[in-house]
2 protein chains.
Amino acid sequence: MAKQNTVFKDAFNRCLKLLAETSSLPSEPELGATLGVSRTTIRAILTRMEELQLLTWDKRAKVVLRQPKPEDYYPAEETDSLSDIIERSFMRRILAGGAEPGMQINELELARDIGTGTTSVREFLIRFSRFGLIEKRPNSHWILKGFTREFALELTEVREMFELRSAASFAALAPEHPAWADLDRIEALHHEILGDIDNRYKEFSELDERFHLLVHTSSSNRFIVDFYDIITIVFHYHYQWNKTNARERNARALEEHLDYIAALRSRDPARVEAACRRHLKSARETLLQSIQ
Amino acid sequence: MAKQNTVFKDAFNRCLKLLAETSSLPSEPELGATLGVSRTTIRAILTRMEELQLLTWDKRAKVVLRQPKPEDYYPAEETDSLSDIIERSFMRRILAGGAEPGMQINELELARDIGTGTTSVREFLIRFSRFGLIEKRPNSHWILKGFTREFALELTEVREMFELRSAASFAALAPEHPAWADLDRIEALHHEILGDIDNRYKEFSELDERFHLLVHTSSSNRFIVDFYDIITIVFHYHYQWNKTNARERNARALEEHLDYIAALRSRDPARVEAACRRHLKSARETLLQSIQ
DNA sequence: TTTTTGTCTTTTATCCACAATAGACAGTTT
DNA sequence: AAACTGTCTATTGTGGATAAAAGACAAAAA
């Protein structure tokens, strides 16, 4: 097959949820805007819905006939884009499987393993190479540089440089800048999660990403913001892998965040720097600890 | 054709130069190591040389029959790898041609224009995207973000952060570290070029890259070193494009480098920082000036 | 006039095929 | 024994084909 229709399937599933809430659907362009797909895809969705007798569709009239049933949805594993699948397989191999630094990575073998063509694997590896974990030998294989202590130290060194600078710009933002409102919402979520930490500590990872990304964004520097992708992917897979003491670690990080947020609000550069450094230091220690 | 044999042609040309200097060639593995290619390619080269009656080849005996003539060489344009060709075409389009920020980039059109397949163009764009000049809309086109003033400012901001830190580490290197010897050679070249600036000012660009890369390398941080690629490519194409006052600009930069080098030698952090800042400031001004 | 729909074209994502290149291994030479 | 060559296999780089998805444009409806 030339192209997976995951965009269609995913949009179809999301459209089913919309359908559950109304008795008729809006115009094709409007649906497209809502679901973030083109009209071509919308029309394919409507056609499929008609087939399933979920609605009648005649030009503008889209009348809902019945509520969607669980079997109307496409299974979740069919809605993941190929690049997501490749990313997950690859990260599992290099993080979980005993992947030694220096190991060779073979495009063909990886592709066979995942059950996909080589082109997609190749493109993934090229994209992934900017994270500094693999390196290409032209006309030959890739080399795994490995998720080592050095990697973590180099990553955190740059992260700290960037975040200190971003935090300083954040504190200097005009009071009417929308970032302050985002910060309010994020702070409120911190309190919520801390209030029910035993049950909700797992939500930290996502909140952490949101918070730090907000800080980095205020640098208004594409290189700084883009770099945060590396942090995100490393921490994302890392949290999945290393779960020891997650509750305590997250509770502590939440407290540090609150301190950091208060410092940002004070707009006092020295205080911002101190709070930021304190949090980054403990984030680095957590990461290093989990490496060996 | 499935794959261009540019590796063969380029290695063949380089092997001709080796051949001009001796009466017989070394073993296949040794030749391979010298030219940086596999034995398969070496054997293809030897076969071709036999065909051209440049040598007789029987197992270990490779006797040179005659000196290579100019027509024995493959033309230079056939030895460039496809990705280099694509890079050049692309940079010409976006730097020289009236490429407005926000413009759409079309893989198919670009491929037709360059006379190549879409796969190669696509892979180039993915690799190139880390330079922050283009951005992908999934399932759709790329957007040119443009070589704008903001781009230059964001680039130099990060560059300055990284270089200040690298310069500080450089000054702290042990005296026996090989980087000091590299620095000596680079400094000597500075004096040579300055001594004949009217004729040799064009050599600055390459020397500049070598010097700054040496400094960045001493950070021992892959992200900092990798980032220097972006600087390199931007300045590389930029110098080709903007040549006004090149002689004066380069002379001034060479003087600043010498000052910077002396500061590194002094190992005095304050002096290093001052010299580094001074040079980076003028480098930034030069870049910004040439943008509009 | 503005938005929507029907229809059609273009482009992207992906697989596959094949030449170029790398690399493995056994036998041969020094 | 160590290095080299002959031969063979495996992998990479690249063009081409095709379904999915985007998007252009005119006709139709509000």
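Since the model is a prediction, treat every value here as computed from it, not as a measurement. We name chains A, B, ... by the order of the sequence lines, and we start the count at 1 in each one.
- Applying the salt bridge (charged side-chain N to carboxylate O under 4.0 Å, His left out) rule to A:R60 yields no partners; only residues at least two apart in sequence or on another chain are considered.
- At a non-hydrogen distance threshold of 4.0 Å, A:T116, A:G117, A:T119, A:S120 from residues 106-120 of chain A come into contact with DNA chain C.
- Over its length, the helix from C:dT1-D:dA30 to C:dT30-D:dA1 turns its helix axis by 40°, as judged from the five terminal pairs at each end, rounded to 10°.
- For DNA chain D, the neighbouring residues in residues 53-63 of chain B, judged by any heavy atom under 4.0 Å, are B:K59, B:R60, B:K62.
- A salt bridge does not link A:R88 to A:D84: none of the charged nitrogens lies less than 4.0 Å from a carboxylate oxygen.
- Interatomic distance, A:Y237 OH to A:I233 CD1, rounded to the nearest 0.5 Å: 5.5 Å.
- The CD1 atom of A:I42 sits 11.5 Å away from the CZ atom of A:F12 when rounded to the nearest 0.5 Å.
- Protein atom NZ of A:K3 is 6 Å distant from nucleotide atom P of C:dA13, rounded to whole Å.
- For the ring-ring contact (aromatic ring centres under 6.0 Å, His included) criterion with B:F223, the lone passing option out of A:F131, A:F227, A:F223 is A:F227.
- Toward the 5′ end of DNA chain C lies the nearest nucleotide of B:R122, the other residue of the pair A:S140 and B:R122 mapping further downstream.
- Using a 4.0 Å cut-off between charged side-chain N and carboxylate O, B:R112 and B:E109 make no salt bridge.
- Both the sub-6.0 Å distance and the 45° axial angle are satisfied by B:R159 relative to the ring of B:F235.
- For A:E123 and C:dA13, the CD to P distance is 8 Å, given to the nearest whole Å.
- A:V225 and A:H216 get closest at one heavy-atom pair: CG2-O, 3.7 Å.
- The stretch residues 35-50 of chain A comes close to DNA chain D through A:V37, A:S38, A:R39, A:T40, A:T41, each having a heavy atom under 4.0 Å from the strand.
- Among residues two or more places apart in sequence or in another chain, the side chain to side chain contact (heavy atoms under 4.5 Å, CB included) test is passed with A:T40 by A:S38.
- Other residues, nucleotides and ligands place more than 12 heavy atoms under 6.0 Å from the CD atom of B:E77.
- Using a 4.0 Å cutoff on non-hydrogen atoms, the parts of residues 6-32 of chain B near DNA chain C are B:T6, B:V7, B:F8, ordered by number.
- Remark: A:D72 engages A:R66 in a salt bridge (charged side-chain N to carboxylate O under 4.0 Å, His left out) (not counting sequence neighbours).
- Rounding to the nearest 0.5 angstrom, the gap separating the CD1 atom in A:I85 from the OG atom in A:S120 is 10.0 Å.
- For A:E78, the side chain to side chain contact (heavy atoms under 4.5 Å, CB included) partners are A:K9, A:Y74, A:P75, not counting sequence neighbours.
- No side-chain heavy atom of B:I105 sits under 4.5 Å from any side-chain heavy atom of B:R93.
- Below 30°, between 30° and 60°, or above 60°: for A:F90 and A:F124 the angle between ring planes is above 60°, a perpendicular geometry.
- Residues passing the side chain to side chain contact (heavy atoms under 4.5 Å, CB included) test with A:P26, sequence neighbours excluded: A:E30, A:L31.
- Scored by the salt bridge (charged side-chain N to carboxylate O under 4.0 Å, His left out) test, B:R39 finds B:E28 as partners (sequence neighbours excluded).
- In this entry the distance linking CD of A:Q4 with P of C:dT12 reads 19 Å, nearest Å.
- In this entry the distance linking CD1 of B:I143 with P of C:dT11 reads 15 Å, nearest Å.
- Between chain A and DNA chain D, the heavy-atom contact criterion of under 4.0 Å yields a 5' to 3' nucleotide range of D:dT11 to D:dA30.
- In this structure, CZ on A:R127 lies 12.0 Å from CG on A:D229, to the nearest 0.5 angstrom.
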